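Side chains included, hydrogens not; waters and symmetry mates left out as well; all remaining heavy atoms used. All values reported here derive from a predicted model rather than from experimental measurement.
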Amino acid sequence: MSSVEERPEPPVDPYRPGRWIALAVLVLAVLLVAVDATVLGLATPFLSEDLEPTGTQLLWIGDVYSFVIAGLLVSMGSLGDRIGRKKLLLCGATAFGAVSVLNAYAHTPEMMILARALLGVAGATLMPSTLALIRNLFHDPRERSFAIGIWGAMASAGAAVGPVVGGFLLEHFWWGSVFLINLPVMAVLVAVGIKMIPESKNPAPGPWDLPSVGLSLVGMIGFVYAIKEMAAHGPSWTSALVGVAGLLALIWFVRRQFRLPAPLLDMRLFHHRGFSGAVLADLLTILGLSGLVFFLSQFLQLVQGRGPLEAGLAELPAAVGAVTAGLLAGTVARRFTVRVVVSGGLGAIGVALAAVAAVHRDTAYYPLIGALLLIVGVGAGFAFTVTSDVILSSVPKEHAGSASAVSETAYELGAALGIALLGSIVTGAYQNFTAPPGTPPAVSDAAHESLGGAVESSHLLPPQEAAEMVSAAQDAFVDGLHLASVIGAAVLLATAVAAWFLLRGQELEEGIVHE
């Protein structure tokens, strides 16, 4: 190694001036990605009407973004460690804004799926960069915990701002406008970020291993795709072969990392029990939540008849709970231990999801639905903030990008699996409803594709038959939602128990570590 590579970095001021302004810029990216994800849920009925996707295409529109992000996060986190996290963040932000335009003007389901996939490529550069830069901006552990709380709170705020802003746009403009809101946010991020965000990277990273990048992408997408297909359509030779190929690629990826002198992902990170426990908690928590969240907007709009803006406002308690809990999480975890806070948060989410089985078509928003959303938000705010802090605190700062990418991969993979598995459960239960006698086959087929399709195709029937078909479709959708929520609750409660043992003895850092 040359003397240039061995030159130590200059001492870092643990209280770097301007760090809070830099944080404000970083969380804009988090806000944007969260807004983009939740906006799509509200826009789903409008997409169904305009693009007329099949049920499978609709699921792909919903989850291909997460699939691609999950497949590329590790690679992009490692790339940020090598070329500079600020540089990667700003390039990704520019690409995210540009591809958002393609999403807004997609005119076929296939084009929309492609646009969402490209948006996933750009999104994969944003999330690990933001969390890794926080790790290098804040060297006081208590400040870093608070900064991570703000980071998580903004993600939750995005989940609230997305439906509200999206609902307003959907009531006044066409559905593509929900993607164009990305442009001004990204413009601010790039303009301010160039001057305010300090660059950071691994001083001696080694080469970026392209075969590992390919193995990670092929393995993750192949494995998740197979699970999605088998959950939606049952086992088949095609899905089995794709799944085996994906699994073999992931195994090959792991084995290659152990052999490389400068791996894309240092597998030794998983030897740390706290790191592994936090990653597992993230993965299974999102798996349990994501399917429910994806279908909640459809329930509020297509089952309870709320407008897009009203549906967005109805989801605010979850965000309020998550923001509040996220900002308090570091302090609470230092007082009551990490495992108490994480397991308690996960358990609260599990109980709330189980209670969704009591929700029916005519259930009043207050008190049940609003209270459940608030509990879910509080539990998620505590659990996600503390696990993110544990993950970042478990690794040296030069590996912050890779560690952040693992955390985000768990999040995105859990989201993709949740939509695929729980979404397929909802879809499978929904498709069992019986259309009124005499319904034309074309109308019946369209109605069985999705609830949005049932509402749209009902306009072709006489009023009485239309009302009967929509009512049957709504009942079937709610039955599927009940089943998915119970399964999600079981996953969350099991995860709470696992986190209790895996996070035993884990504590957040207290004093400044001069690295």
Side-chain angles (χ1 to χ4, degrees), residues 1-2 4-9 67-89 91-92 120-121 124-136 199-224 245-280 282-283 387-388 390-414 515:
M1 187 177 290
S2 69
V4 173
E5 290 175 320
E6 294 175 347
R7 186 173 58 199
E9 293 183 292
F67 282 6
V68 174
I69 283 186
L72 285 176
L73 274 171
V74 169
S75 299
M76 292 302 180
S78 178
L79 181 62
D81 286 343
R82 285 163 167 76
I83 69 171
R85 294 147 193 152
K86 173 183 176 179
K87 184 183 300 181
L88 184 66
L89 176 72
C91 290
V121 175
T125 68
L126 299 179
M127 298 304 286
S129 297
T130 58
L131 199 53
L133 284 165
I134 289 174
R135 174 71 173 84
N136 286 271
E199 184 60 280
S200 71
K201 61 181 178 180
N202 187 339
W208 198 51
D209 187 56
L210 286 177
S212 294
V213 174
L215 289 171
S216 173
L217 180 61
V218 171
M220 195 70 71
I221 292 180
F223 180 66
V224 176
L247 185 59
L248 290 175
L250 291 176
I251 293 172
W252 190 359
F253 171 82
V254 172
R255 290 174 62 86
R256 185 174 179 83
Q257 302 318 294
F258 280 116
R259 294 197 303 266
L260 290 173
L264 200 69
L265 174 63
D266 188 352
M267 303 305 297
R268 291 173 295 180
L269 294 176
F270 291 94
H271 292 167
H272 190 292
R273 179 165 46 82
F275 181 90
S276 297
V279 170
L280 179 66
D282 279 354
L283 172 66
T387 53
S388 296
V390 168
I391 289 169
L392 277 187
S393 302
S394 301
V395 302
K397 67 175 184 177
E398 59 267 21
H399 295 299
S402 295
S404 302
V406 171
S407 172
E408 294 301 328
T409 298
Y411 185 99
E412 295 297 340
L413 181 58
E515 301 167 291

| About how many Å separate CZ of Arg85 and CD1 of Ile134, when rounded to the nearest 0.5 Å? | 12.5 Å
| task | Could you pull out the closest heavy-atom pair between Val68 and Gly120, with the gap in Å? | result | CG1-C, 3.8 Å
| task | Compare every heavy atom of Asp209 with every heavy atom of Arg256, then report the nearest pair and how far apart it is. | result | NE-OD2, 2.6 Å
| Rounded to the nearest 0.5 Å, how far does CE of Met267 lie from CG of Leu260? | 12.0 Å
| task | Nearest 0.5 Å please: distance from the CG atom of Leu72 over to the CD1 atom of Ile221. | result | 6.5 Å
| said: Let's go through Asp282 and Ile391 carefully: what are the C-alpha distance in whole Å and the side-chain angles of both, what is the deciding distance for side-chain contact (heavy atoms from CB on, under 4.5 Å) to 0.1 Å, and is it a yes or a no? | reply: CA-CA 10 Å; Asp282 279 354; Ile391 289 169; 3.9 Å; yes
| field | Closest contact, heavy atoms only, Trp208 versus Val213 | value | CZ2-CG2, 3.5 Å
| Considering residues, nucleotides and ligands other than Trp252, do more than 12 of their heavy atoms fall under 6.0 Å from its CH2? | no
| query | Under a 4.5 Å cut-off applied to non-hydrogen side-chain atoms, are Val74 and Met220 in contact? | reply | no
| remark: d(Thr130 OG1, Leu88 CG) to nearest 0.5 Å is 10.5 Å
| task | Quick one: do Leu89 and Thr125 satisfy side-chain contact (heavy atoms from CB on, under 4.5 Å)? Show the steps, please. | result | CA-CA 6 Å; Leu89 176 72; Thr125 68; over 6 Å; no
| message | Return the CD to OG distance between Gln257 and Ser216, rounded to the nearest 0.5 Å. | response | 8.5 Å
| field | Point-to-point distance, once rounded to the nearest 0.5 Å, from CG of Leu283 to OG1 of Thr387 | value | 11.5 Å
| query | Does Phe258 reach the side chain of Pro263, with side-chain heavy atoms less than 4.5 Å apart? | reply | no
